[in-house]
Each structure stands twice: as structure tokens, then as C-alpha cells.
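For reference, positions follow the sequence shown, starting with 1.
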Amino acid sequence: QVQVVESGGGLMQAGGSLRLSCTASGRAFSSLAMGWFRQAPGKERDLVGSISGRRGATTYADSVKGRFTISRDNAEKMVYLQMNSLRPEDTAVYYCAARPTNPYSDYLPTGLREYDYWGQGTQVTVSS
């Protein structure tokens with residue numbers, strides 16, 4: 001069983017920056033592909049981006065490319081979502097998710113159902 005905990009949400013003005021953090025325990029961290037998703041009120045939960053376990057390859061949703069960056073520190077068992085140039089439409093509950101992978105894999109899951117373990121979510125609100 002993998003436990004996922006995210007933190008760092010809050011209220012920001014448009015144009016500001018915020019960094020979310022996520023940690024996962026219960027399995028070797030480098031063998032976990034990690035993803036960030038978000039869900040706005042009345043909308044589906046969508047991928048923000050994901051990062052592979054071994055080499056840290058990343059992929060992003062078009063809506064956040066160039067503004068958001070995902071990184072990870074396997075030694076510290078942490079993954080981060082750096083959000084810059086925030087917009088009101090970025091307002092959502094942000095979820096961190098984990099998918100166990102082969103330790104030698106750079107599997108980069110992007111679908112909601114590809115992730116097995118989820119955090120409780122953290123609210124990000126961007127005011128105009």
C-alpha cells in the first residue's frame with residue numbers, strides 16, 4: 001500500500017506563484033511514477049502533468065505548458081509542482097497520484113485510471 005500526501009495549496013492573486021509538494025511512502029519512491037491532477041467545481045479531474053520514476057521525464061497538459069513545472073527528489077521522496085503565472089482558471093483542488101512501475105522503467109502514465117494511489121487533495125484558489 002502506498003500513502004500519498006500533498007501540501008502547499010492556498011490563495012494567490014493572478015500572476016503569482018505557488019509550489020505544491022507531495023510525498024509517497026510504502027514503496028521505493030524511484031519506482032513510482034507520479035502525477036498531478038486537478039479538479040475544478042463541476043468539472044472532471046484532469047491531468048496537469050506527470051513525471052517518471054527513474055529519469056524524471058515529464059509531460060504536461062497544454063493548458064499549463066510553460067507555466068508549471070514538475071520535479072522530483074527521489075532521495076527526499078518528494079515531488080513538486082511549481083506553478084507560475086497563475087490564472088483564475090487554475091483554481092481547483094489539486095491531487096497528487098502514484099503509480100508503481102518497474103524500477104528500470106520510465107513509464108509516464110497520463111490517464112486518471114492509470115494511477116493506483118491518490119492523496120487527499122489541496123485547494124488552490126487564484127483571484128483575479
Name the atoms and distances for all side-chain donor-acceptor pairs under 3.5 Å in residues 7-18, with sequence neighbours left out.
{"from": "Ser17", "atom 1": "OG", "to": "Asn84", "atom 2": "OD1", "distance (Å)": "2.9"}

With a cut-off of under 6.0 Å to the ring centre and 45° to the axis, is Arg19 in cation-pi contact with Tyr80? yes
Does the pair Gln1 and Tyr117 meet the rule for a side-chain contact (heavy atoms from CB on, under 4.5 Å), with working shown? CA-CA 8 Å; Gln1 189 76 7; Tyr117 304 99; 3.9 Å; yes
Indicate, with yes or no, if Leu47 and Leu81 share a hydrophobic cluster defined by side-chain heavy-atom contacts under 4.5 Å among Ile, Leu, Val, Met, Phe, Trp and Tyr. no
Can a side-chain donor-acceptor contact be found between Gln123 and Thr125 if the only test is distance below 3.5 angstrom? yes
Do you know the tightest heavy-atom contact between Arg99 and Asp116? CD-OD2, 3.2 Å
The residue among Thr59, Val79, Val64 that forms side chain to side chain contact (heavy atoms under 4.5 Å, CB included) with Ile70 is Val79
Is it true that the NZ or CZ of Arg45 lies under 6.0 Å from the centre of Tyr95's six-membered ring and within 45 degrees of the ring axis? yes
Using only atom types and a distance under 3.5 Å, with no angle test, would you say the side chain of Ser50 pairs donor to acceptor with the backbone of Leu108? no
Of all the heavy-atom pairs spanning Ala98 and Val4, show the shortest one and how long it is. CB-CG2, 3.9 Å
Hey, does the side chain of Glu6 reach the backbone of Gln120 with a donor-acceptor pair shorter than 3.5 angstrom? yes
Worked check of side-chain contact (heavy atoms from CB on, under 4.5 Å) between Thr122 and Leu20: CA-CA 9 Å; Thr122 185; Leu20 305 183; 4.1 Å; yes
State the NZ-OG distance between Lys77 and Ser30, to the nearest 0.5 angstrom. 9.5 Å
Flag the pair Tyr94 / Val48 as yes when at least one side-chain heavy-atom distance between them is below 4.5 Å, and no otherwise. yes
Could you pull out the closest heavy-atom pair between Arg72 and Ser52, with the gap in Å? NH1-O, 3.0 Å
Do Ile51 and Trp36 belong together in a cluster built from hydrophobic side chains that touch within less than 4.5 Å? yes
Would Leu112 and Tyr115 show up in the same hydrophobic cluster when neighbours are defined by side-chain heavy atoms closer than 4.5 Å? yes
Return the minimal non-hydrogen interatomic distance between Met34 and Cys22, and the atom names on each side. CE-SG, 3.8 Å
List in chain and number order the residues that pass salt bridge (Lys or Arg N to Asp or Glu O under 4.0 Å) with Arg67, two or more places apart in sequence or in another chain; answer none if no residue qualifies. Asp90
Rounded to the nearest 0.5 Å, the NZ atom of Lys65 sits from the OH atom of Tyr60 at a distance of 10.5 Å
Below 6.0 angstrom between ring centroids: does that apply to Phe37 and Trp118? yes
Would you compute the distance between atom CZ of Arg27 and atom CG of Leu32 and round it to the nearest 0.5 angstrom? 6.0 Å
Quick check: closest heavy atoms across Thr91 and Val126, and the distance to 0.1 Å? OG1-N, 2.8 Å
Minimum-distance pair of heavy atoms, taken over all atoms of Ser63 and Arg38: OG-NH2, 3.4 Å
Quick check: does any side chain N or O of Glu114 sit under 3.5 Å from a backbone N or O of Pro109, one acting as donor and the other as acceptor? no
